[in-house]
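Data first, discussion second: the structure below is written as C-alpha cells.
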Amino acid sequence: MDVLMLKGGNTLKGEVKISGSKNSSLPILAATLLTDDPIIIKRVPNLRDTRTMIRLLQSLGKEVDFTNGTLSVKAGKKASYIADYELVSTMRGSFCVLGPLLGKLKKAKVSLPGGCVIGIRPVDLHIKGVEALGAKIEVDGGYVIATAKKLVGNNIFLGGVFGSSVLATANVMMAAVLAEGVTTVEFAACEPEIEDLTNFLIAMGAKIEGKGSPCLRITGVKKLKGVTYEIIPDRIEAGTYILLAAATRSDLTIKNTDIKHLSSLVDRLAQAGVRVYDEKGDIKIEHNGKYKPVSVTTYPYPGFPTDLQAQFMAFMATIEGVSIISDKVYPDRFIHIAELNRMGADIRREGTAAIVQGVKCLHGAPIMASDLRASAALLIAGLMAKGTTEIHRIYHLERGYEDLDEKLIKVGAKIWREKEK
Ligand code: EPU
C-alpha cells in the first residue's frame, strides 16, 4: 500500500477542475436497476466507491462499460436480487440498491451495511419507508430480505432522530416510482444529490413533484425507460479544495462547479475573513488579511455539510482564538481530532462538540487516515504544516477524490507517494 507524502508550508496557485459527484453517482447508478433499457451516464468519477458500485451492478446482472467517465449500463442475461455482504460491507452507499431492486423485481436481499468510524449508521428509516409501500421485511443472517406482491403508494414521514436521511430518501423514491398510486414523502432529504437523482428518475419517465424540497409527491408509473444523463459536480470535492485554498492562503480557481450548492460554506468562510465568489461560473477565493475563528454546526442541506466538518476543523486549527465545531448529523464524527493533535493542533472534544484553540502552526508527522473526509482534513493539515507529513491508509482518500495527486501537483503541491515499509 502507498503512503502519501506531503511537504507543507507553501502556497498553491492555479486551477482545479471538479469531478462529477460521488454521492450523486452512487444512487443514480443504483437507479439503472429500475429499467432493462440501456442507460448512459456521463461525468461519473473514477473512484474506489463508484468502481464498487459498478461491481455490485454487475453482480446484479447488469453489463457495464466505464470509459473516460462515461458509464454505459444495459441488462445482462439474468438479473439477480442479492447484494452480497462483500460489496455492501466495503461501502455503505451500496445499500441504496434496496429500493430499485424492490421496485423492479419486487424482491431484494441486501446485506446490512454495519457501522463505520463516523458512527453507528442505522437503516431504520430505509426499512420504515419501504415497509410503508407494502414490502415485507425480514432480517436474517445479516441481510435485509424485502419482498412484496406489489408496492402501493402511501404517505411516509421520513424524519429520524438526526433529521432527514439522504440514502433513505433515495431508496424510498426509487421504490415508489414503480409503485401503484401516489406516494408522498415528508421530511425528505433536500441535498443536491437527491435533486440530481430526482432529475435522473424524471428523465427516465418517473412522475415526481417537489424536487429539491422536503415534501415529494411521486405518482407511480408502469415502466421506466433508458436515458443519457450527466451527473452534477461534486460539491464536497469543491468545498474541500476551497478550504484547502483558504487554509494555505492559496490562489486557486475552482472550475466545473456550482457555488449555489455551497452557500453555507461561503457564509462561514466570509465570517472567517475569506471571500469566496463566483466569477463567470468559476469559484474564486480571496484572502482578506487576518482570519478570525468561526464556529460551525453541521445540519442536513442547506445547512453546513457534515462531509466538510473535518476539513473546516483543519482550517480552524491555526486561526488564533477559539472555534466550536459541532456535528448534528454524525455526532461522533471526530476521529480526526487525535491525528490533528499529533500534528500540534489543540482540539478537545466535549460531548458532541470539538473546541478548537488555534495554534501558531502545525508540524508534519506520520498520521493515519481513518475515513474519507477525515483523510481530506489531514491532507489540508499536511499542506499547511511545517515539514513533512506521511499519510497512511490513503485508500480512504481514493474512495472520494478523483485524480487527487495530479490535481494537487498541477497547482504546485509538493506531494508524492512511497511504498509502505
Ligand atoms: N440515520 C438514521 N436512520 C436511518 C438512516 C440514517 O438514524 O435509517 C441517521 C444517520 O445515522 C445520521 C443521519 O441519519 O445520523 C443522516 O444520515 P444519512 O442517512 O443522511 O446518511 P447516508 O445517506 O447514509 C449520505 C452520504 C454521506 C453523508 C451523509 C450525510 C452517500 C453515499 N453518503 O450518507 O457521505 O455524510 O449522507 O450528508 O451519499 C461521504 O461522502 O464521506 C459520506 C459519508
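For the numbers below, each heavy atom of this structure counts, side chains included, while hydrogens, waters and symmetry mates do not. Keep in mind it's a predicted model, so treat the numbers as computed, not measured. In each ligand, atom 1 is the first atom listed, and ligand 1 is the first ligand listed.
The protein heavy atom nearest to atom 41 (O) of ligand 1 is Arg373 NH2, 2.8 Å. At the shortest separation from atom 20 (O) of ligand 1 among protein heavy atoms lies Val166 N, 2.8 Å. In this structure, atom 30 (C) of ligand 1 lies nearest to the protein heavy atom Thr306 CG2, 3.8 Å. Protein heavy atom nearest atom 36 (O) of ligand 1, with residue, atom name and distance: Asp307 OD1, 2.7 Å. Ranking the protein heavy atoms by distance from atom 29 (C) of ligand 1 puts Tyr330 OH, 3.8 Å first. Nearest protein neighbour of atom 33 (N) of ligand 1, counting heavy atoms only, is Asn23 ND2, 3.7 Å. Ranking the protein heavy atoms by distance from atom 4 (C) of ligand 1 puts Pro122 O, 3.1 Å first. For atom 23 (O) of ligand 1, the closest non-hydrogen atom on the protein side is Leu167 N, 2.8 Å.
The residues Arg217 and Glu209 are annotated as salt-bridged, a charged nitrogen and a carboxylate oxygen being separated by less than 4.0 angstrom. Between Arg417 and Glu398, at least one side-chain nitrogen of the basic residue sits less than 4.0 Å from a carboxylate oxygen of the acidic one, meeting the salt-bridge criterion. One finds no salt bridge joining Glu15 and Lys17 here, because no Lys/Arg side-chain nitrogen approaches an Asp/Glu carboxylate oxygen to under 4.0 Å. Salt bridge absent: Glu138 and Lys109 never bring a charged side-chain N and a carboxylate O closer than 4.0 Å. One finds no salt bridge joining Lys22 and Asp307 here, because no Lys/Arg side-chain nitrogen approaches an Asp/Glu carboxylate oxygen to under 4.0 Å. A salt bridge links Asp332 to Arg349: at least one charged side-chain nitrogen sits closer than 4.0 Å to a carboxylate oxygen. Ion pair Arg235/Asp258 not flagged as a salt bridge, since none of the NZ, NE, NH1 or NH2 atoms sits closer than 4.0 Å to an Asp/Glu carboxylate oxygen.
Distance check: Met5 CE to Glu418 CD gives 4.0 Å after rounding to the nearest 0.5 Å.
The shell of residues lying under 4.0 angstrom from ligand 1, judged by heavy atoms, excludes Arg399. Every heavy atom of Val161 sits 4.0 Å or more from the atoms of ligand 1. At least one heavy atom of Arg333 sits closer than 4.0 Å to an atom of ligand 1.
Applying the 4.0 Å criterion to heavy atoms of Leu372 picks out, from ligand 1, the atoms 42 (O). Listed by number with element, the atoms of ligand 1 under 4.0 Å from a non-hydrogen atom of Leu125 are 3 (N), 4 (C), 8 (O). Here is the list of ligand 1 atoms found below 4.0 Å of a heavy atom in Arg92: 24 (O). Listed by number with element, the atoms of ligand 1 under 4.0 Å from a non-hydrogen atom of Val329 are 12 (C), 13 (C), 15 (O), 16 (C). Within the listing of ligand 1, atoms 40 (C), 41 (O) sit less than 4.0 angstrom from a heavy atom of Lys22.
Of the N or O atoms in Glu191, none lie within a sub-3.5 Å distance of an N or O in ligand 1. Considering backbone and side-chain N/O of Leu26, none are found under 3.5 Å from N/O of ligand 1. Of the N or O atoms in Pro331, none lie within a sub-3.5 Å distance of an N or O in ligand 1.
Comparing Arg121, Met53, His126 by heavy-atom distance to atom 24 (O) of ligand 1, the nearest is Arg121.
Applying side-chain hydrogen bond (donor to acceptor under 3.5 Å, both in side chains) to Gln309 and the options Arg373, Arg333, His336 leaves one that passes, His336.
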Criterion ring pair (Phe, Tyr, Trp, His ring centres under 6.0 Å) on Tyr330 and Phe162, from CA distance to verdict: CA-CA 8 Å; Tyr330 291 113; Phe162 299 101; 7.8 Å; no
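Checked against a 6.0 Å centroid threshold, the rings of Phe312 and Phe304 count as neighbours.
Contact between Thr388 and Lys7 at its shortest, heavy atoms only, is OG1-CG, 4.1 Å.
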